[in-house]
Amino acid sequence: VLLQTTLLDVFAKTGDLNNACYVFDEMGMRDIASWNALIAGLAQGSRPSDALELFKNMKVEGLKANDVTVLGALSACSQLGAIKEGESVYNYIRDERLDDNVIVCNAVIDMYAKCGLVEKAYWVFDNMSCRKSLVTWNTMIMAFAMYGDGVKAIELFKQMAQAGAVPDNVSYLAALCACNHAGMVDEGVRLFESMAVCGVSRNVKHYGSVVDLLGRAGRLEEAYKIINSMPMVPD
RNA sequence: UGGCACUAGAAACC
């Protein structure tokens, strides 16, 4: 079972979903990890609706979804924007007390955000019983940045430092993105500069973000300077 | 003492 699940997972991770399904179908014995590997693979691949179907089938077969299982199911809901399904997964999570796991909470926040319900995402963020991780903060900042309110995203970014979390390059990207959406040019430039000061590595996305920000503000010379200062190949 | 796990922008192009 271990070897077959490993094989299944390799297929799933490389996006070869047909072979992943084939291995799954041909397995004599399957345990929870076999199901999880396929559900997650389908969810992150091109077949999130099949992932949800498999998730439902699991119950029919009398298997109990665990924390890893619901992550796959939530990921599928996020991709599909399937809020109804997402809420029912969340209900299950609460019934089974799986929400004492930060990773599960993070996935719920992300699911709500991707389904466009930023307020609910924030409610979960605010009321979660477990300790917030860096990913928790990043997910919520990104949610505000993309689907909601740039100002709130920046507020949260500042708040995370007060809470003792150290922003990484994803946090900065999320905050920069918030500036792009909200047109907060100076704030964005400040953030971009503080990355260097704080020793957070920049990648091409960070550069792209400020360049876009400056470009839209008509500050083309500055944008051009930044492009020329890039230590990597611009895309 | 093994296998499955959460977050990554915009524009342009198609």
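Just so we're on the same page: letters track the sequence lines, and every chain starts at 1.
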Visitor: Measure the distance from CG on A/Leu2 to P on B/C4 and round it to the nearest whole Å.
Guide: 9 Å
Visitor: Please tell me which of the listed nucleotides, B/G3, B/A5, B/A8, lies nearest to the side chain of A/Asn101?
Guide: B/A5
Visitor: Do A/Leu52 and A/Val108 land in one hydrophobic cluster if side-chain heavy atoms of ILVMFWY residues count as linked below 4.5 Å?
Guide: no
Visitor: Whole angstrom is fine here: how far is it from CG in A/Asp9 over to C1' in B/G2?
Guide: 13 Å
Visitor: Which residue is it: A/Asp110, A/Asp168, A/Asn106? I am looking for the one with a side-chain hydrogen bond (donor to acceptor under 3.5 Å, both in side chains) to A/Asn138.
Guide: A/Asp168
Visitor: Check every atom of B/U7, B/G3, B/C6 against the side chain of A/Ile103 and return the nucleotide holding the closest atom.
Guide: B/C6
Visitor: Would you indicate which nucleotide in B/C4, B/A10, B/A5 comes nearest to any side-chain atom of A/Ala33?
Guide: B/C4
Visitor: How many whole angstroms separate atom CH2 of A/Trp35 from atom C1' of B/G3?
Guide: 17 Å
Visitor: Is the ring pair A/Tyr122/A/Phe144 parallel, tilted or perpendicular, if the boundaries are 30 and 60 degrees?
Guide: tilted
Visitor: Under a 3.5 Å distance rule, please check whether A/His181 uses its side chain to pair with a backbone N or O of A/Ala178 as donor and acceptor.
Guide: no
Visitor: Given B/C6, is OP1 or OP2 found less than 4.0 Å from the side-chain N or O atoms of A/Gln44?
Guide: yes
Visitor: Go through it in stages, so that I can follow the logic: the residues are A/Lys56 and A/Glu85, the test is salt bridge (charged side-chain N to carboxylate O under 4.0 Å, His left out), and I'd like the CA-CA distance, side-chain angles, deciding distance and then a yes or no.
Guide: CA-CA 10 Å; A/Lys56 287 173 199 154; A/Glu85 309 283 6; 3.2 Å; yes
Visitor: Any idea which of B/A5, B/A10, B/U7 is nearest the A/Ala40 side chain?
Guide: B/A5
Visitor: Choosing from B/A10, B/U7, B/A5, which nucleotide comes nearest the side chain of A/Asp110?
Guide: B/U7
Visitor: Where the side chain of A/Thr139 is defined as all heavy atoms beyond and including C-beta, which of B/C6, B/U7, B/C4 is the nearest nucleotide?
Guide: B/U7
Visitor: What is the distance, to the nearest angstrom, from the CG atom on A/Asn180 to the C1' atom on B/A8?
Guide: 13 Å
Visitor: Is it true that atom CE of A/Met29 has more than 12 heavy atoms of other residues, nucleotides or ligands lying nearer than 6.0 Å?
Guide: no
Visitor: Can you find a donor-acceptor N/O pair under 3.5 angstrom joining the side chain of A/Asn36 to the base of B/G3?
Guide: no
Visitor: When we call it a touch if two heavy atoms are under 4.0 Å apart, what does A/His181 touch: a base, just sugar-phosphate, or nothing?
Guide: sugar-phosphate
Visitor: Name the nucleic acid region contacted by A/Thr6, choosing base, sugar-phosphate or nothing; use a 4.0 angstrom heavy-atom cut-off, strictly under.
Guide: sugar-phosphate
Visitor: Without decimals, in angstroms, what is the distance between A/Leu98 CG and B/C6 C1'?
Guide: 14 Å
Visitor: Send over the distance from A/Ile93 CD1 to B/C6 P, rounded to a whole Å.
Guide: 14 Å
Visitor: Could you tell me whether the side chain of A/Thr5 has a donor or acceptor atom within less than 3.5 Å of a complementary atom in the base of B/G3?
Guide: yes
Visitor: By the 4.0 Å heavy-atom rule, please label A/Val104 as base, sugar-phosphate, or nothing.
Guide: nothing
Visitor: Look at the side chain of A/Val68 and decide which nucleotide, out of B/A10, B/A8, B/C4, has an atom nearest to it.
Guide: B/C4
Visitor: Counting just side-chain N and O atoms, does A/Lys114 come under 4.0 Å of either OP1 or OP2 of B/A8?
Guide: yes
Visitor: Test salt bridge (charged side-chain N to carboxylate O under 4.0 Å, His left out) on A/Lys158 and A/Glu155 and set out the steps.
Guide: CA-CA 5 Å; A/Lys158 290 177 174 157; A/Glu155 267 171 27; over 6 Å; no
Visitor: Which is true for A/Thr69 with a 4.0 Å heavy-atom rule: it touches a base, it touches only sugar-phosphate, or it touches nothing?
Guide: nothing
Visitor: Where the side chain of A/Val135 is defined as all heavy atoms beyond and including C-beta, which of B/U7, B/G9, B/G3 is the nearest nucleotide?
Guide: B/U7
Visitor: With the side chain of A/Asp31 defined as its heavy atoms from C-beta on, choose the nearest nucleotide among B/G9, B/A5, B/G3.
Guide: B/G3
Visitor: Atom CZ of A/Arg202 and atom P of B/A8: how far apart are they, to the nearest Å?
Guide: 22 Å
Visitor: Counting the atoms with a prime plus P, OP1 and OP2 as sugar-phosphate, which does A/Met146 contact under 4.0 Å by heavy atoms, base, sugar-phosphate, or nothing?
Guide: sugar-phosphate
Visitor: If you only use heavy atoms from C-beta on, which nucleotide in B/A10, B/G3, B/A8 is closest to the side chain of A/Lys205?
Guide: B/A8
Visitor: In whole Å, what is the span from the CG atom of A/Leu71 to the P atom of B/U7?
Guide: 9 Å
Visitor: So what does A/Leu176 touch, heavy atoms closer than 4.0 Å: a base, only the sugar-phosphate, or nothing?
Guide: nothing
